[in-house]
**Student:** 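Okay, handing you the structure first.
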Amino acid sequence: MQQDLRVYNTKTRKKEVFNPITEGKVGMYVCGPTVYGDAHLGHARPAITFDILYRYFKYLKFDVCYVRNITDVGHLVGDADEGEDKIAKKAREEKIDPFEIAKQYTERYHRDIYALNVLPPDVEPRATQHIQEQIEATQQMIDNGFAYEVNGSVYFDLEKYNEKYNYGELSGRILDEMQNNTRELDGQSDKKNPLDFALWKFAEPEHLMKWDSPWGIGYPGWHLECTAMSTKYLGKHFDIHGGGLDLMFPHHECEIAQGNACNHEEPANYWMHNNMITINGQKMGKSLGNFITLEEIYNGDHKLLENKYSPMTVRFFILQAQYRSTLDFSNDALGAAKKGFNKLMNALRALEGFEYIHNGEETNEKQEKVIDSAVNGCLRAMNDDMNTAVVISHLFKLTKIINQINMNTLPIGALSAEKFELMKTTFITFTKDILGLKDEMPTDLLPSIYNALERYKTAKEVKDYDSVDAIRAELKEISIVVKDMKHKIDWAYEE
RNA sequence: GGUCUCAUGGCCGAGUGGCUAGGCAGUGGUCUGCAAAACCAUCUACAUCGGUUCGAAUCCGGUUGAGACCUCCA
């Protein structure tokens with residue numbers, strides 16, 4: 001069964017068959033974090049969503065180049081013309097150099113995100129290391145007549161742009177309507193038009209992150225780094241641009257405008273946006289102050305958390321929803337995800353331990369059909385705009401068969417060798433390689449588990465039930481459960 | 001106010017014109033020294049009012065409710 005991968009393109013608001021610009025190759029750019037605080041649950045979603053896409057492209061044997069940036073220039077807290085740089089603000093609060101702030105939070109971001117088994121991108125460019133490229137892009141836009149300089153700052157000229165292009169296409173906005181809705185800014189703005197956005201900002205003497213430029217000392221505007229870096233690493237025109245839905249406007253809209261203004265072409269063919277994670281139905285976000293950091297989730301250290309949740313539980317939780325749906329956080333939901341994830345890991349471990357033997361059993365056609373339908377279902381779901389929730393549902397169908405084999409209620413030989421292999425490869429590939437789920441058991445714990453099981457077995461044989469119960473309790477302490485089956489004794493994660 | 005989404009069983013969450021998504025929780029069984037795990041069976045659904053259709057949770061319209069973006073945000 002071969003089928004095309006279809007992805008939802010925000011630009012056309014349709015699912016489209018993915019056609020790469022160059023046969024067999026994919027370039028994807030995803031907006032990474034602005035590093036002025038710890039990564040929260042919301043940051044985990046795009047990291048995981050596009051990790052899945054990256055992994056799936058690799059699975060499909062594409063030669064993929066994945067670029068995810070780190071924005072380590074703070075930009076502005078408030079209004080586009082006034083206010084303080086976010087990183088500078090944090091630096092002042094913590095009394096450290098802003099570059100040090102960015103460095104620290106970048107490290108913490110990596111620590112918390114990589115715990116989620118997210119693959120590192122091929123390139124992870126930083127805005128501060130691409131100042132020259134941003135200056136050049138700005139100059140290019142001035143030269144092309146789409147930007148103007150005022151008092152040491154350079155702004156994008158939307159009016160000019162709109163004579164030739166159509167600003168607002170991605171987010172379905174119309175420039176005129178936006179202008180009518182824009183409240184008049186107080187004070188003396190340098191901009192010709194309130195909607196014009198900064199490409200380069202003049203830096204006041206007290207501003208700490210600043211660089212020399214043809215327009216004087218300043219720093220780059222927010223949207224510019226993505227244009228400069230995506231162009232540098234993926235070219236003027238590449239396949240996929242991703243990020244959170246909240247970046248659609250204005251960030252991605254501005255990137256499109258900058259791409260056209262610089263390079264005379266739009267940066268990306270497909271725009272993909274993951275939806276938000278909500279908490280009590282409300283968006284979780286830094287600006288709303290209702291976020292839970294990943295570190296807090298892992299440690300259970302937040303007033304809203306009834307438990308700590310492992311990185312893989314978080315990953316599984318996120319994958320149980322399609323990436324374009326909002327996903328609501330709750331302890332119940334995380335708790336259910338934890339159990340579901342353990343169930344999957346128990347099946348994975350059992351499956352990896354199976355040895356196929358055929359003893360002349362009759363083929364169980366019903367179960368073989370379940371395998372076929374689940375295998376096809378996994379592929380179909382991934383091809384249908386990365387529906388990981390449906391992939392997981394099919395993996396649970398296979399889990400049932402795996403458990404039946406493990407419990408000896410379904411002889412392994414009731415499946416043909418090919419069917420068993422098909423199930424095994426599919427289950428393992430989708431669970432580990434594509435969904436990126438992994439067993440979290442520290443390997444140094446295994447010897448003591450097997451030791452406990454040995455003692456359990458002996459105690460059982462002599463009907464020393466007090467010891468049996470004690471060993472059960474002992475293992476339960478580390479969330480391990482004894483599986484006391486007719487034909488063997490094994491352990492499993494507590495679900 | 002403008003633009004746009006969404007409303008599914010106790011909870012989370014897929015799906016989309018006719019065919020049981022799945023997980024968690026519940027109930028009844030099988031198994032067990034008792035359990036657990038697992039398996040089998042099973043109960044709760046498609047906000048509301050109309051329309052289209054042989055048939056709608058799924059399409060169309062109204063109503064109600066929730067959310068997102070319009071300012072920095074994953």
**Student:** A/Glu177 CD to B/G2 P: how many Å, rounded?
**Tutor:**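 After rounding, the reported distance stands at 10 Å.
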**Student:** Run the salt bridge (charged side-chain N to carboxylate O under 4.0 Å, His left out) test against A/Glu454 and tell me which residues pass, sequence neighbours left out.
**Tutor:**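 So A/Glu454 forms no salt bridge (charged side-chain N to carboxylate O under 4.0 Å, His left out) with any residue.
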**Student:** Quick one: list whatever passes salt bridge (charged side-chain N to carboxylate O under 4.0 Å, His left out) with A/Asp51, sequence neighbours left out.
**Tutor:**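 Per chain and number, A/Asp51 pairs via salt bridge (charged side-chain N to carboxylate O under 4.0 Å, His left out) with A/Arg55, A/Arg315.
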**Student:** Between A/Lys488 and A/Asn406, do the side chains contain a donor N or O and an acceptor N or O under 3.5 Å apart?
**Tutor:**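 A/Asn406 vs A/Lys488: donor-acceptor pair found between side chains.
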**Student:** Is the centre of the A/His207 ring less than 6.0 Å from the centre of the A/Tyr219 ring?
**Tutor:**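 Yes; A/Tyr219 has its ring centre under 6.0 Å from that of A/His207.
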**Student:** Can you check whether A/Arg92 reaches A/Pro98 side chain to side chain, under 4.5 Å on heavy atoms?
**Tutor:**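 A side-chain contact under 4.5 Å is absent here.
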**Student:** As a test of reading the structure: which of B/G33, B/C69, B/A38 is closest to the side chain of A/Lys483, going by heavy atoms?
**Tutor:**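 That would be B/A38.
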**Student:** What about the rings of A/His223 and A/His252, do their centers lie closer together than 6.0 Å?
**Tutor:**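 Not close enough - the centres of the two rings lie 6.0 Å or further apart.
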**Student:** Tell me which nucleotide among B/C11, B/A37, B/C34 gets nearest to the side chain of A/Glu495.
**Tutor:**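 The listed nucleotide nearest to A/Glu495's side chain is B/A37.
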**Student:** Not counting sequence neighbours, which residues clear side chain to side chain contact (heavy atoms under 4.5 Å, CB included) with A/Arg108? List them please.
**Tutor:**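 Testing A/Arg108 for side chain to side chain contact (heavy atoms under 4.5 Å, CB included), a comparison that skips the adjacent residues, returns A/Asp38, A/Tyr105, A/Arg111, A/Glu295.
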**Student:** Choose from B/G23, B/A35, B/A74 the nucleotide whose nearest atom is closest to any side-chain atom of A/Lys343.
**Tutor:**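 Of B/G23, B/A35, B/A74, B/G23 is nearest to the side chain of A/Lys343.
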**Student:** If the P atom of B/G61 is compared with that of B/U52, how far apart are they to the nearest Å?
**Tutor:**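 It works out to 15 Å between them.
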**Student:** Any salt bridge (Lys or Arg N to Asp or Glu O under 4.0 Å) involving residues 326-340 of chain A? Give me the pairs, sequence neighbours left out, ordered by first then second residue.
**Tutor:**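 Sorted result for residues 326-340 of chain A: empty, none.
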**Student:** Taking only the side-chain nitrogens and oxygens of A/Lys283, find out if one of them lies under 4.0 Å from OP1 or OP2 of B/C69.
**Tutor:**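 Affirmative; the distance criterion is met.
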**Student:** Expressed as a whole number of angstroms, how long is the span from A/Asp469:CG to B/C34:P?
**Tutor:**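 Value for this atom pair: 12 Å.
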**Student:** Taking the six-membered ring of A/Tyr456 (Phe, Tyr or Trp), confirm whether the NZ or CZ of A/Arg472 is under 6.0 Å from its centre and within 45° of its axis.
**Tutor:**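 Geometry flag: not set, cation outside 6.0 Å or 45°.
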**Student:** Would you please name every residue forming a salt bridge (charged side-chain N to carboxylate O under 4.0 Å, His left out) with A/Lys457, sequence neighbours left out?
**Tutor:**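 A/Lys457 satisfies salt bridge (charged side-chain N to carboxylate O under 4.0 Å, His left out) with no residue once adjacent residues are dropped.
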**Student:** What are the atom names and distances for every N/O pair under 3.5 Å that joins the protein to nucleotides 41-47 of chain B?
**Tutor:**
none

**Student:** Just how far, in rounded Å, is P of B/G23 from CZ of A/Arg315?
**Tutor:**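 Those two atoms, CZ and P, are 21 Å apart.
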**Student:** Just to verify, what does A/Tyr465 make a ring pair (Phe, Tyr, Trp, His ring centres under 6.0 Å) with, not counting sequence neighbours?
**Tutor:**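 Partners of A/Tyr465 by the ring pair (Phe, Tyr, Trp, His ring centres under 6.0 Å) criterion come out as none, since no residue qualifies.
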**Student:** Check whether any side-chain nitrogen or oxygen of A/Lys339 sits under 4.0 Å from OP1 or OP2 of B/A25, and answer yes or no.
**Tutor:**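 Yes, A/Lys339 has a side-chain N/O under 4.0 Å of OP1/OP2 on B/A25.
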**Student:** Among the candidates B/A35, B/A68, B/G33, find the nucleotide nearest to the side-chain atoms of A/Val468.
**Tutor:**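 So the side chain of A/Val468 is nearest to B/G33.
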**Student:** Centres of the A/Trp200 and A/Phe202 rings: under 6.0 Å?
**Tutor:**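 Aromatic pair excluded; centres sit 6.0 Å or further apart.
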**Student:** In whole angstrom, what separates A/His223's NE2 from B/U71's C1'?
**Tutor:**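 That distance rounds to 11 Å.
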**Student:** What parts of residues 400-413 of chain A reach RNA chain B, counting only heavy atoms under 4.0 Å away?
**Tutor:**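 By residue number: A/Lys400, A/Asn403, A/Gln404, A/Met407.
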**Student:** Under 6.0 Å between the ring centres of A/Tyr298 and A/Tyr309?
**Tutor:**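 Not under 6.0 Å, so no.
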**Student:** Quick one: stems for RNA chain B, with Watson-Crick or G-U pairs under 3.5 Å, at least three in a row?
**Tutor:**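 B:1-7 with B:64-70, B:10-12 with B:22-24, B:26-30 with B:38-42, B:47-51 with B:59-63 - these are the stems of 3 or more pairs that involve RNA chain B.
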**Student:** I need the residues from residues 106-122 of chain A with at least one non-hydrogen atom less than 4.0 Å from RNA chain B; give them sorted by number, or say none.
**Tutor:**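 Of all residues in residues 106-122 of chain A, none places a heavy atom under 4.0 Å from RNA chain B.
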**Student:** Using a cut-off of 4.0 Å between protein heavy atoms and nucleotide atoms, how would you tag nucleotides 13-21 of chain B 5' to 3' with B, S and -?
**Tutor:** SSS-----B
**Student:** Among B/A74, B/C70, B/G23, which is the nearest nucleotide to the side chain of A/Phe396?
**Tutor:**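 Out of B/A74, B/C70, B/G23, the nucleotide with an atom closest to A/Phe396's side chain is B/G23.
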**Student:** For A/Glu16, give me all partners under salt bridge (charged side-chain N to carboxylate O under 4.0 Å, His left out), at least two apart in sequence or on another chain.
**Tutor:**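 In terms of salt bridge (charged side-chain N to carboxylate O under 4.0 Å, His left out), with neighbours along the sequence ignored, A/Glu16 is linked to no residue.
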**Student:** I want to confirm an ordering. Mapping A/Arg472 and A/Phe317 to their closest nucleotides on RNA chain B, which one lands closer to the 5' end?
**Tutor:**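 Per heavy-atom nearest nucleotide, the more 5' residue is A/Phe317.
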**Student:** For the C1' atoms, the ones on B/C59 and on B/G18, what distance do you get once it is rounded to whole angstrom?
**Tutor:**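 To the nearest whole Å, 14 Å.
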**Student:** What pair of heavy atoms forms the shortest contact from A/Thr71 to A/Ile87, and how long is it?
**Tutor:**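 Closest approach of A/Thr71 to A/Ile87: O-CD1, 4.5 Å.
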**Student:** Is the charged tip of A/Arg173 near the ring of A/Phe249: under 6.0 Å from the six-membered ring centre and within 45° of its axis?
**Tutor:**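 Yes; both conditions hold, so A/Arg173 lies above the ring face of A/Phe249.
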**Student:** Using the P atom as the reference point in each nucleotide, state the distance between B/A47 and B/C40 in Å, no decimals.
**Tutor:**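 Each nucleotide's P atom is 31 Å from the other's.
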**Student:** Using the P atom as the reference point in each nucleotide, state the distance between B/A41 and B/U48 in Å, no decimals.
**Tutor:**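 Looking at atom P only, B/A41 and B/U48 are 31 Å apart.
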**Student:** Looking at A/Glu93 and A/Lys89, is any side-chain nitrogen of the basic one under 4.0 Å from a carboxylate oxygen of the acidic one?
**Tutor:**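 Yes, this pair counts.
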